[in-house]
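Here's the structure, in structure tokens; my notes come after.
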Amino acid sequence: DQQVKQNSPSLSVQEGRISILNCDYTNSMFDYFLWYKKYPAEGPTFLISISSIKDKNEDGRFTVFLNKSAKHLSLHIVPSQPGDSAVYFCAATSYGQNFVFGPGTRLSVLP
Amino acid sequence: DGGITQSPKYLFRKEGQNVTLSCEQNLNHDAMYWYRQDPGQGLRLIYYSQIVNDFQKGDIAEGYSVSREKKESFPLTVTSAQKNPTAFYLCASTLRGQGIDSPLHFGNGTRLTVT
């Protein structure tokens, strides 16, 4: 039973445009949500997170939106750059317990 | 610089042999985790430890064992009982505790190949 879902395995975006990556979850006890970026043969790199008491968090080109009623979060990257091409994982946790990861979305930013 | 060190980067073993993957962190984090990634798949939790001398099984603990004798170290042993041990193994750590929102920090992984 997948508690964290990323329904788009891949996404292609033109350089300079907005990339929107989506994530859905089923466990209403999750209270902290994170996005990671991963290159092949490397560990994931933390990008941005959001607590369940907020609905938006912004850090430079990256913004995460949380819709608790829909159990949905999204990562917006504006503007997208070729260096953003990677696999993006959504993760969630409750009360600092184990972190559950989605299957990932491969983002390709085309020059 | 603080961080998580996994060694070695690449590891080759014959089927039937146990192998231990090293994970050391100098971030003074309480909790440590082991994940496994298979090609085209997400991260699956093997074991995690929130305090020294205590650890819990994750979703795919069968065929693996861990120890947490020191706060800084969380080695993972892949035993001969693990049916499909070839994978990319990731160690991570974080602060824990109520009221602390702290992300997982990952090492650079160990790719284990068993033939």
Side-chain angles (χ1 to χ4, degrees), chain A residues 1-10 21-25 27 29-54 57 59 62 64 66 73 75 86-106, chain B residues 3-11 21 23 25 27 29-51 55-61 87-113:
Chain A
D1 178 30
Q2 263 193 344
Q3 296 187 70
V4 178
K5 303 174 186 180
Q6 294 176 256
N7 291 322
S8 298
S10 63
L21 296 98
N22 293 303
C23 177
D24 297 291
Y25 62 95
N27 188 342
M29 298 300 290
F30 287 146
D31 63 350
Y32 183 50
F33 304 88
L34 311 94
W35 283 96
Y36 286 84
K37 174 182 179 181
K38 187 181 183 302
Y39 295 116
E42 293 185 10
T45 301
F46 169 68
L47 279 177
I48 191 168
S49 62
I50 187 166
S51 165
S52 59
I53 63 173
K54 296 184 177 179
N57 188 26
D59 184 1
F62 303 94
V64 56
L66 176 63
L73 64 156
L75 173 69
V87 177
Y88 289 78
F89 290 99
C90 168
T93 185
S94 60
Y95 302 109
Q97 300 302 309
N98 53 307
F99 291 70
V100 181
F101 284 78
T105 296
R106 181 176 301 279
Chain B
I4 300 175
T5 302
Q6 289 187 245
S7 60
K9 178 74 174 172
Y10 299 96
L11 194 51
L21 282 60
C23 178
Q25 55 99 358
L27 299 166
H29 284 171
D30 301 294
M32 298 186 73
Y33 302 74
W34 275 104
Y35 287 89
R36 166 180 173 147
Q37 186 187 21
D38 293 283
Q41 296 192 31
L43 280 64
R44 293 185 291 167
L45 181 66
I46 305 172
Y47 267 98
Y48 67 105
S49 167
Q50 295 177 328
I51 196 168
F55 46 82
Q56 287 78 41
K57 292 182 179 180
D59 301 319
I60 54 166
F88 188 53
Y89 290 88
L90 288 159
C91 179
S93 70
T94 186
L95 290 170
R96 71 171 296 268
Q98 295 287 348
I100 297 177
D101 284 338
S102 176
L104 275 180
H105 296 267
F106 282 89
N108 274 329
T110 292
R111 179 163 299 282
L112 173 65
T113 302

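Proteins get letters first, then strands, A, B, ... in listed order; numbering begins at 1 in each.
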Heavy-atom distances under 4.5 Å only: say whether [X] touches chain A with side chain, backbone, both or neither.
| X | result |
| --- | --- |
| Gln37(B) | side chain |
| Leu43(B) | both |
| Leu104(B) | both |

Quiz item: Looking only at heavy atoms, which two atoms of Leu90(B) and Glu42(A) are closest? And how far apart?
Solution: CD2-O, 4.4 Å
Report the distance from atom [atom1] of [X] to atom [atom2] of [Y], rounding to the nearest 0.5 Å.
| X | Y | atom1 | atom2 | value |
| --- | --- | --- | --- | --- |
| Thr45(A) | Asn108(B) | OG1 | CG | 8.0 Å |
| Phe101(A) | Tyr35(B) | CZ | OH | 4.5 Å |
| Gln50(B) | Asn98(A) | CD | CG | 8.0 Å |

Practice problem: Would you indicate whether the side-chain heavy atoms of Phe99(A) and Pro103(B) approach each other to under 4.5 Å? | Solution: no
Quiz item: Can you list the residues that meet the salt bridge (charged side-chain N to carboxylate O under 4.0 Å, His left out) rule with Asp38(B), with sequence neighbours excluded?
Solution: Arg36(B), Arg44(B)
Exercise. For atom CD1 of Ile51(B), decide whether the heavy atoms of other residues, nucleotides or ligands shown that lie under 6.0 angstrom number more than 12.
Key: no
Self-check item: Greatest number of heavy atom pairs closer than 4.5 Å to chain B - which of Pro44(A), Pro103(A), Ser49(A)
Solution: Pro44(A)
